[in-house]
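Presented below is the structure to which this report refers.
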Amino acid sequence: MTSTATRPRGARARAAIAAKTLRTDRWWFQPLITVIGLSAWVAYATVRVFMHKWYWVDAYHYLTPFYSPCVTDRCVEGSSHFGSFLPGWWIIPDAALTLPFLLLFRLTCYYYRKAYYRSFWLSPPACAVPDGHESYGGETRFPLLGQNLHRYFFYAAAIISLINTYDAIYAFHSPKGFGFGFGNLILLANVVMLWAYTISCHSCRHIIGGRLKHFSKHPVRYKAWTFISWLNVRHMQLAWITLGTLALTDFYVMAVGAGWFNDLRFIN
Amino acid sequence: MTETRIERHHYDVVVIGAGGAGLRAAIEARLAGKKTAIISKSLFGKAHTVMAEGGAAAAMGNVNSRDNWQVHFRDTMRGGKFLNNFRMAELHAKESPQRIWELETYGALFDRTKDGKISQRNFGGHEYPRLAHVGDRTGLELIRTLQQKIVSLQQEDKRDLGDYEARIKIFAETTITELLLDGERVAGAFGYYRESGEFILFEAPAVVLATGGVGRSYKVTSNSWEYTGDGHALALRAGATLINMEFLQFHPTGMVWPVSVKGILVTESVRGDGGVLKNSDGKRFMFDYVPDVFRKQYADNEEEADRWYKDPDNNRRPPELLPRDEVARAINSEVKAGRGTPAGGVYLDIASRLPAEEIRRRLPSMYHQFKELADVDITREPMEVGPTCHYVMGGVEVDPDSGAAFGAVRGLFAAGEVSGGMHGSNRLGGNSLSDLLVFGKRAGGHAASYADQLTSRPKVPVAAVETAVETALAPLQRDTGESPYTLQQDLQAVMGDLVGIIRREGELVDALGRLAELRERVAKVSAAGGRRYNPGWHLALDLRNMLVVSECTAKAALERQESRGGHTREDHPAMDPKWRRVNLVCSLDGDTVRLTHKPLPKMRGELISLFDRAELSKYLTDEELAEFDALAQKES
Amino acid sequence: MGEQKSQAAGKPGAKRQFRIWRGDETGGDLQDYTVEVNEGEVVLDVIHRLQATDAPDLACRWNCKAGKCGSCSMEINGKPRLSCMTRMSTFEETETVTVTPLRTFPVIRDLVTDVSFNYEKARETPAFAPPADVAPGDYRMQQVDVERSQEFRKCIECFLCQNVCHVIRDHEENKQAFSGPRFFIRAAELDMHPLDAKTDRKEYAQAEQGLGFCNITKCCTEVCPEHIKITDNGIIPMKERVVDRRYDPLVWLGSKIFRRGQVPQTFVTSAQQSGAAHSAAAHGGVHSHAGGSHDPRHEAEAQKGVNWHRQVPHPTAAPVDANGRLPLTELTFDRAAAPSPFGDDVTFPLPPEHLNFAHPSQDEPKH
């Protein structure tokens with residue numbers, strides 16, 4: 001009989017399972033439709049942003065969110081309520097002040113991060129399916145460390161949502177003064193959804209109440225936090241819905257602006 | 001002999017069992033400065049304590065300020081049918097509030113009252129709302145809190161001594177098969193790592209048993225595989241004694257449907273929050289089963305019972321909240337009378353009593369469990385429930401104050417379910433969690449001071465270690481014996497059918513015969529495979545523990561000719577005051593189980609005066625009543 | 001009700017196909033079994049039946065069989081699950097059910113893995129710090145204030161989240177620097193605890209637990225059997241709390257102007273830091289020693305030069321017997337030789353950050 005002090009214990013091996021994943025369900029479906037959906041949207045948005053036309057319906061003051069506010073010197077009169085101070089070089093989007101922030105807001109959004117890390121970066125493509133990369137450092141280093149700036153893009157997005165709200169209200173117009181048409185409904189629906197998406201953001205939830213240690217000492221902020229938490233659960237749905245409403249609004253304005261069909265008017 | 005490697009460790013206190021009692025004992029021993037080992041049969045933090053749902057009873061008086069330790073003591077004694085060790089019940093009632101408050105300083109987060117105190121809920125057998133709880137996962141909270149407290153002590157050691165494990169170490173997935181003695185003194189413990197099958201020897205002057213119960217010997221049980229009566233058997237073999245082994249608690253409401261979750265408990269708080277029991281005719285039958293002893297506290301009509309949930313001060317309680325044995329017996333009678341469900345239970349209905357939203361809020365993990373495990377929505381349909389073996393009141397006979405085991409052994413302590421006496425013949429819901437804390441702390445503290453006052457460390461005899469090795473390896477070396485799984489099934493069948501909730505003399509005699517047969521077969525059990533993580537081998541080693549404890553239960557059940565609490569004899573249906581004065585003590589004489597009678601310790605005057613004479617007259621003999629009267633006269 | 005279920009679960013006693021991984025660290029493979037499956041059973045029931053019939057030594061962890069203890073974690077058809085909560089009725093009758101051990105942890109045998117990684121990480125996570133001036137019994141907390149932490153305390157430590165997290169599942173090398181979702185919610189739980197006295201949990205989560213490795217792909221939330229919203233309610237709020245402290249431009253500007261740059265960095269006391277670094281190295285088996293170190297963290301530590309104020313961990317006192325003497329015979333001591341005169345905690349060669357000067361009077365009170 002002998003005795004020893006410690007159990008023999010070196011680095012031990014994992015179970016030798018040949019298959020990379022044993023999942024039998026269609027785990028690839030989710031990433032696939034995410035890739036298709038996001039790519040299609042980005043393609044549409046890129047084309048539209050560099051089209052530089054059909055973004056303003058002068059008769060009804062419809063302005064597509066992709067060009068709001070229009071700030072280059074080629075902007076149609078009326079669409080540029082903050083002045084037009086940038087040169088009209090084609091590579092410069094007409095909404096050069098807002099688009100980059102909107103893009104960064106969505107790029108750093110906690111939901112979109114999940115979506116593109118999974119489906120574009122395959123890190124991982126689905127749960128319990130191997131990551132497609134040799135090494136992984138997550139968001140610990142530049143450039144992905146920058147994802148933590150989401151909070152500031154949220155502030156920007158909130159301001160832009162205000163501008164979009166202004167656009168939607170400004171659009172209750174017709175050559176005769178006040179007007180109300182189907183386009184207004186679309187613009188309104190879009191702006192409501194944009195607000196819902198923006199304030200359901202995780203950063204917003206944190207700022208409103210999540211950072212508090214004692215909810216009981218801040219009953220109003222607790223109420224607000226509870227509401228935003230309720231919205232926050234739907235952040236993913238809102239992220240997709242707003243992509244839809246943005247594209248739809250833009251397409252509607254483009255179609256009316258190009259004269260492909262007429263706006264359905266309810267009043268004037 | 002062949003070379004067998006045995007890993008040796010030196011500790012001051014070895015705690016066997018990592019449930020609530022074990023962890024609390026270990027914390028106390030470590031706080032007393034002792035080098036402490038915790039042996040856990042499964043992973044750290046998986047102990048059976050997590051299954052406790054209702055809460056921990058402590059007379060803090062947060063919800064009803066009239067509650068105090070005297071009332072709690074009274075409830076405990078009443079629940080245990082006055083067979084409790086009064087001193088343990090007294091200590092328990094007095095100390096449990098401090099033990100609960102202490103948990104908060106370890107980081108526990110109980111549900112709160114409006115004024116920010118620990119919320120307390122109603123529970124069967126407790127006069128006032130008394131159970132500190134966290135939703136319906138109080139046991140998990142308790143184990144996690146203690147586990148995290150141990151981590152924090154380890155972090156202190158790391159800071160002060162440079163090593164997390166300098167003074168307290170957890171041996172996870174390790175089973176102890178034998179206690180080693182130096183004369184009458186505990187010298188250590190021998191066991192094996194489940195993972196590798198390697199042997200391990202602890203040299204320690206003090207051992208705390210906190211191994212839990214014996215439910216795995218029963219067919220329908222809420223207990224996990226760990227509950228094989230290891231501590232009971234280790235104590236017996238070390239020369240200690242067991243008491244009250246005939247008293248097993250069958251939880252009245254275990255799931256009987258669907259099969260996959262048979263035996264799993266439905267917490268009593270389902271009834272505390274308004275759930276009612278109905279038979280297959282749809283009748284709320286509990287009103288027919290209120291014993292005379294409880295007429296004063298329990299309602300006899302539905303209207304009053306329903307009013308109680310809103311206004312407990314002016315109404316009597318619904319009979320669904322009677323002590324567990326009464327409810328279990330009532331369900332058993334209904335099923336036997338042919339008014340049960342197809343699966344052999346009755347309906348527990350909360351769906352028709354509370355809005356779905358409220359049920360989900362009050363019983364989240366219950367809802368979750370039924371939905372996920374069985375696809376039953378408790379907010380929409382009633383549950384099918386029936387009695388399940390749940391808890392053993394009996395256990396190691398201990399000194400109430402120190403938890404030191406009686407009998408021919410020193411240095412052995414026991415706390416929690418493995419110790420006996422505290423709960424008498426029946427345990428009140430919620431008393432087990434506070435029992436773990438109160439007596440865990442006491443056992444750990446006294447084990448530490450016992451180790452302190454020793455002048456010389458007991459030595460582990462080499463021969464005993466060799467015998468232990470041989471015994472442990474034997475099942476692997478035989479290839480002719482029966483499979484341990486078959487033997488376990490047979491044992492469960494004997495205990496479930498013949499020593500179950502309702503007992504008869506003939507059946508008990510039969511059971512003893514069969515157990516003797518099983519003993520022969522278990523001695524020849526063989527396990528296939530090697531030593532690494534071999535569940536067959538582990539079960540083979542546990543079987544002999546289950547067997548010897550089952551023998552104690554069967555013998556004591558045959559001996560006690562009355563019905564009381566967790567022991568129901570069909571041939572002796574009444575409670576007999578003469579039997580109240582007797583504890584049945586079980587010991588091991590060589591290989592045979594011996595049973596002796598021992599008088600119950602007499603309650604102190606100021607404690608017995610807490611009760612009404614009318615109540616006492618149902619439990620005490622005329623002689624004892626005369627004494628009580630004399631006492632009352634002297635006081636007045 | 002009964003009839004409906006029996007249809008869903010298939011005919012009682014139907015035979016089903018199973019593939020179970022058998023083996024140990026030296027290798028293994030999937031083996032086929034045909035087992036009887038009854039109505040209303042879960043995968044764990046089937047494994048128990050196999051143990052009682054075809055495979056008595058099939059190793060598998062389990063305890064409560066009610067989804068409350070988190071012992072029976074395994075991968076069923078490639079998905080990390082509790083086997084006691086995976087109903088057989090969720091599979092097609094003709095489907096072969098594949099059961100494997102957790103992939104992220106070393107295998108012990110068959111379906112049992114060595115999950116000690118999680119216990120080591122648990123031990124490194126700073127414990128609850130009770131408020132100094134509140135006596136037991138005087139704790140007052142409002143229900144709304146404890147609810148967030150209570151959600152995290154529902155955790156049954158099944159370690160499915162740890163297993164599914166690709167940061168360590170697919171990148172073994174990250175195990176040193178990454179604690180995993182279970183311990184992010186532990187940090188969050190304590191940071192949101194109304195009475196916890198420790199204020200640097202966010203910084204600890206970022207610097208020591210590797211919060212930044214998480215790319216919120218939410219698999220932990222997907223597999224959690226307790227349905228804890230690990231990502232939305234635990235990890236993201238922790239990330240936001242770090243942002244409050246680390247990336248807030250106002251704070252950054254202030255620290256530049258007022259030279260308070262060190263403040264956020266000195267949150268971990270030196271004792272803890274050396275402790276964490278030491279144990280991380282020991283655990284991963286990557287021993288970094290002076291000169292030959294490839295560990296960037298230790299390299300950086302060594303680059304800083306001599307730390308004149310390092311707090312040296314006190315050596316472990318060797319255990320003494322009742323007479324105050326060291327047990328020097330091999331028979332009575334718990335290891336094969338006499339104890340190290342340097343204490344049990346010192347391993348040689350020393351890690352680089354320990355190779356410097358510590359003032360002998362460090363324990364004396366400062367004047």
Side-chain angles (χ1 to χ4, degrees), chain B residues 8-10 35 42-46 50-51 98 101-102 104-107 109 111-112 116-117 134 137 140-141 144 148 151-152 154-155 158-164 166 195 224-226 258-261 264 342 369 372-375 381 454-457 483 485 528-529 532-536, chain C residues 1-2 5 24 38-42 45 51-52 56-60 62-71 85 87 108-109 112 115 119 122-123 126-128 130 136-137 139-143 146 149-150 153-154 156-157 193 271 275 313-317 319 321-322 333-334 343-345:
Chain B
R8 262 167 197 259
H9 292 270
H10 284 244
K35 199 176 169 207
S42 46
L43 288 174
F44 188 34
K46 306 294 181 199
V50 300
M51 299 291 285
Q98 278 108 300
W101 288 326
E102 200 169 64
E104 284 199 305
T105 68
Y106 297 171
L109 283 173
D111 284 349
R112 318 304 298 184
K117 294 181 188 166
V134 189
R137 52 165 191 87
L140 176 68
E141 183 72 11
R144 203 61 84 226
Q148 286 161 352
V151 164
S152 94
Q154 288 185 323
Q155 287 170 356
K158 169 81 180 167
R159 201 163 56 233
D160 299 342
L161 306 167
D163 181 7
Y164 286 116
E195 185 186 298
S224 80
W225 62 266
E226 296 179 287
V259 195
S260 59
V261 284
I264 291 177
Q369 182 177 0
E372 301 228 349
L373 292 171
D375 206 15
E381 47 190 320
L454 276 182
T455 45
S456 66
R457 261 176 105 97
S483 140
Y485 296 99
R532 288 193 80 174
Y533 219 109
N534 182 346
Chain C
M1 191 172 87
K5 288 236 171 60
D24 55 24
N38 297 318
E39 171 182 4
E41 287 188 330
V42 292
D45 288 309
Q51 284 183 334
D57 65 335
L58 169 61
C60 153
W62 69 285
N63 263 26
C64 73
K65 210 174 162 295
K68 281 178 175 289
C69 75
S71 298
M85 292 183 69
R87 294 194 304 279
I108 291 173
R109 208 166 75 77
V112 178
V115 292
Y119 290 99
R123 209 156 60 179
F128 171 67
Y139 281 49
R140 294 289 178 275
M141 296 178 259
Q142 291 301 315
Q143 186 62 34
V146 299
S149 297
Q150 280 184 334
R153 290 185 74 84
K154 285 197 306 196
I156 56 173
E157 298 201 333
H193 190 300
H314 294 256
T316 317
D321 65 12
F333 197 58
D334 60 354
D344 283 356
D345 54 324

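Below, all heavy atoms of this structure are taken into account, side chains as well, without hydrogens, waters or symmetry copies. Letters A, B, ... are given to chains in the order of the sequence lines, protein chains preceding strands, and every chain is numbered from 1.
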Point to revise | Closest contact, heavy atoms only, Ala66(C) versus Met51(B) | key: CB-CE, 4.1 Å
Check your understanding: Is it the backbone or the side chain of Leu109(B) that comes under 4.5 Å from a heavy atom of chain C, or both, or neither?
Key -> both
**Study point:** Donor-acceptor under 3.5 Å (Lys46(B) side chain, Glu157(C) main chain)
**Key:** yes
Review point. With a 4.5 angstrom heavy-atom cut-off, which part of Thr105(B) approaches chain C: side chain, backbone, both or neither?
Key: both
**Study point:** Over all atoms of both residues, closest heavy-atom pair of Tyr119(C) and Phe44(B)
**Key:** OH-O, 2.7 Å
Exercise for review: Would you confirm whether Lys117(B), through its side chain, and Gly137(C), through its main-chain N or O, come within 3.5 Å as a donor-acceptor pair?
Suggested key: no
Point to revise | Gln51(C) side chain vs Pro535(B) backbone, donor-acceptor pair below 3.5 Å | key: no
**Study point:** Portion of Arg153(C) that has a non-hydrogen atom of chain B nearer than 4.5 angstrom
**Key:** both
Exercise for review: Tell me, out of Trp225(B), Tyr106(B), Tyr485(B), who's got the most heavy-atom pairs with chain C below 4.5 Å.
Suggested key: Trp225(B)
Exercise for review: Could you grab the distance from atom OG of Ser71(C) to atom CD of Glu226(B), nearest 0.5 Å is fine?
Suggested key: 7.5 Å
Exercise for review: Would you mind checking which part of Ile156(C) comes under 4.5 Å of any heavy atom in chain B, side chain (CB onward), backbone (N, CA, C, O), both or neither?
Suggested key: both
Check your understanding: Is the closest side-chain heavy-atom distance between Asp111(B) and Gln150(C) below 4.5 Å?
Key -> yes
Study note, to complete from the structure: Smallest heavy-atom separation, Arg123(C) atom then Gln155(B) atom, equals O-NE2, 2.7 Å
**Study point:** Structural part of Leu140(B) lying under 4.5 Å from a heavy atom of chain C
**Key:** side chain
Point to revise | Atom pair CD1/CZ of Ile108(C) and Arg532(B) - distance to nearest 0.5 Å | key: 7.5 Å
**Study point:** Option that, when pairs with chain B are counted at under 4.5 Å, heavy atom only, ranks first among Val146(C), Val115(C), Leu58(C), Asp57(C)
**Key:** Asp57(C)
Review point. Side chain, backbone, both or neither: which part of Glu104(B) has a heavy atom under 4.5 Å from chain C?
Key: both
Check your understanding: How about Phe128(C) and Ser152(B): do any of their side-chain heavy atoms sit closer than 4.5 Å?
Key -> no
Review point. Under a 4.5 Å heavy-atom cut-off, does chain B meet the side chain of Asp45(C), its backbone, both or neither?
Key: side chain
Review point. Looking at Pro130(C), Gly67(C), Cys64(C), which one has more heavy-atom pairs under 4.5 Å with chain B than the rest?
Key: Cys64(C)
Revision key, fill the gap. In terms of heavy-atom pairs under 4.5 Å with chain B, the winner among Met141(C), Lys65(C), Lys154(C), Gln143(C) is Met141(C)
Review point. Is it the side chain or the backbone of Val112(C) that comes within 4.5 Å of chain B heavy atoms, both, or neither?
Key: side chain
